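To keep things clear, I will list the structure first and then write my remarks on it.
In the text below, chain A, chain B and the rest are named by the order of the sequence lines, each starting its count at 1. Since we're looking at a predicted model, the values are computed, not measured.
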Amino acid sequence: MPELPEVEVVRRGLESRIARASIGGITVREPRLRWPVRADLPSLMRDETIESVGRRGKYLLLRCKTGTLIVHLGMSGQFRLLSAADAPRRHDHVDIVTSAGVLRFTDPRRFGALLWHDARAGDLTLHPLFAKLGVEPLSPAFDGKILYRASRGRSLSIKQMLLSGREVVGVGNIYASESLFRAGISPRARAGSLSRARYEALAVAIRETLTDAIARGGSSLRDFVGSDGEQGHFQLDCQVYGRAGEPCRSCTTPIVSIRQHQRSTFFCPACQRR
DNA sequence: AGCTGGTCCTGATGGC
DNA sequence: TGCCATCAGGACCAGC
């Protein structure tokens with residue numbers, strides 16, 4: 001579910017409400033997530049104060065004094081702040097009880113993760129999960145030059161390069177298709193074959209696509225839910241994703257669906273060129 | 001039965 | 001031959 005815009009929407013929703021909240025206790029009902037939730041997480045985080053809520057790529061960061069809780073929503077995760085703890089239901093795996101309410105982690109597919117990073121272990125940017133991540137697409141440091149340079153000599157498709165997260169983070173399967181449409185680039189183009197100018201256009205397209213989605217409250221696939229349980233609306237605004245056979249909104253040519261690297265890709269064969 | 005938002009890991013491939 | 005980077009595929013799950 002969650003690509004960068006969804007995670008950012010959750011982050012913003014939580015930040016204003018739980019920054020400086022104290023943690024009373026943690027209940028782990030199901031530790032078998034992508035990686036097992038460590039058994040001592042409750043004792044590690046009890047009495048901690050959440051200093052801020054950050055984000056790196058699609059990872060949420062609950063920063064506390066002695067460390068940081070790294071949260072990933074996987075494909076189907078939700079992280080909601082409940083004012084009153086209603087009875088946990090199926091797939092409600094973890095509750096973090098805070099002075100601002102109960103933070104509940106829900107994830108049917110269990111591709112998500114909750115990892116504690118001890119501050120004494122050093123800078124978070126050195127964490128194995130973060131060490132090889134690309135630049136943040138909404139930061140000033142992100143531009144076409146970064147993509148262009150990284151792409152030289154690479155034979156993989158431009159769509160796969162975006163999905164890899166190695167050059168730029170946060171672009172998932174939906175926004176990869178949407179960004180390439182906005183930039184007029186075929187998802188099948190070899191990364192190494194695109195010009196500097198086209199990467200400049202792509203960088204702009206990525207930033208605009210993600211910014212628009214955030215402004216709409218997160219995209220949301222059928223079931224995206226923000227930190228307050230609100231649904232996003234992006235699916236209504238997709239230009240190509242999920243629109244196979246439907247007319248391109250720009251030129252009316254039917255949108256085409258293909259498989260790339262085991263993932264679905266949507267594009268307009270007329271508007272998007274190699 | 002086959003599809004679905006993410007991403008780590010393993011093993012194959014190819015260049016030097 | 002060996003090392004390295006790159007790339008493809010499988011794996012993890014439940015719900016529809």
Side-chain angles (χ1 to χ4, degrees), chain A residues 1-10 29-37 55-60 70-79 89-94 105-115 127-134 137 147 149-180 187-193 209-210 213-214 216-226 231-238 240-245 257-266:
Chain A
M1 153 206 318
E3 299 185 26
L4 183 148
E6 292 73 36
V7 178
E8 178 62 16
V9 166
V10 172
R29 298 182 199 88
E30 173 56 86
R32 295 175 303 162
L33 303 182
R34 171 163 198 140
W35 298 287
V37 178
R55 179 186 59 74
R56 175 72 174 109
K58 298 168 189 166
Y59 295 90
L60 280 169
I70 302 167
V71 179
H72 199 290
L73 301 178
M75 295 263 260
S76 58
Q78 297 175 18
F79 207 37
R89 307 208 278 197
R90 191 162 149 79
H91 309 308
D92 288 345
H93 305 315
V94 178
F105 180 82
T106 305
D107 186 9
R109 291 176 72 178
R110 291 196 275 119
F111 281 7
L114 268 67
L115 298 171
H127 190 285
L129 285 175
F130 299 147
K132 285 189 287 188
L133 291 186
L147 297 178
R149 289 200 154 173
S151 68
R152 294 307 88 182
R154 309 279 300 278
S155 63
L156 81 174
S157 70
I158 180 58
K159 191 208 179 199
Q160 284 174 233
M161 190 177 94
L162 294 181
L163 287 182
S164 78
R166 213 177 78 167
E167 279 66 54
V168 57
V169 295
V171 182
N173 203 44
I174 293 177
Y175 298 116
S177 281
E178 293 296 311
S179 299
L180 287 165
R188 291 188 281 208
R190 304 244 169 206
S193 74
T209 299
L210 298 178
I214 291 169
R216 292 196 168 89
S219 104
S220 195
L221 320 205
R222 335 169 211 299
D223 53 1
F224 171 68
V225 175
Q231 298 266 340
H233 311 287
F234 183 84
Q235 59 183 346
L236 303 175
D237 299 301
C238 279
V240 289
Y241 189 85
R243 299 192 63 240
S257 169
I258 60 174
R259 300 288 292 181
Q260 286 181 291
H261 209 238
Q262 316 276 63
R263 311 296 298 280
S264 58
T265 298
F266 298 84

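Note on A:Leu163: nothing from the nucleic acid sits closer than 4.0 angstrom, heavy atoms only. No engagement by A:Ser164 is indicated, since no non-hydrogen atom pair under 4.0 Å with the nucleic acid exists.
For A:Gln160, a side-chain nitrogen or oxygen approaches OP1 or OP2 of C:dA8 to under 4.0 Å. OP1 or OP2 of C:dC7 has not a single side-chain nitrogen or oxygen of A:Arg190 nearer than 4.0 Å. Under 4.0 angstrom from either OP1 or OP2 of B:dG6 there lies no side-chain N or O belonging to A:His72.
Put simply, CZ on A:Phe130 is 14 Å from C1' on B:dC8, counting in whole angstrom units. Taking atom CZ of residue A:Arg259 and atom P of nucleotide C:dA8, one finds them 15 Å apart after rounding to whole Å.
Nearest nucleotide to the side chain of A:Arg154, out of B:dC8, B:dG6, C:dC7: C:dC7.
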DNA chain C in dot-bracket form (Watson-Crick or G-U pairs under 3.5 Å, [ ] crossing, | inter-strand) is .|||||||||||.|||
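Applying the salt bridge (charged side-chain N to carboxylate O under 4.0 Å, His left out) test to every pair with at least one member in residues 158-172 of chain A, sequence neighbours left out, gives these pairs: A:Arg154-A:Glu167.
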Quick tally for nucleotides 9-16 of chain C: nucleotides whose base has a protein heavy atom under 4.0 Å get B, sugar-phosphate-only ones S, the rest -, giving BS-BBBS-
B/S/- along nucleotides 11-16 of chain B (protein heavy atoms under 4.0 Å) is ------
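Applying the ring pair (Phe, Tyr, Trp, His ring centres under 6.0 Å) criterion to A:His91, with sequence neighbours excluded, gives no partner residue. Taking the side chain to side chain contact (heavy atoms under 4.5 Å, CB included) definition, one finds that A:Pro36 meets it with nothing, sequence neighbours left out.
Between A:Phe105 and A:Phe79, the ring planes are perpendicular. Angles over 60° get that label, and only those under 30° would be called parallel.
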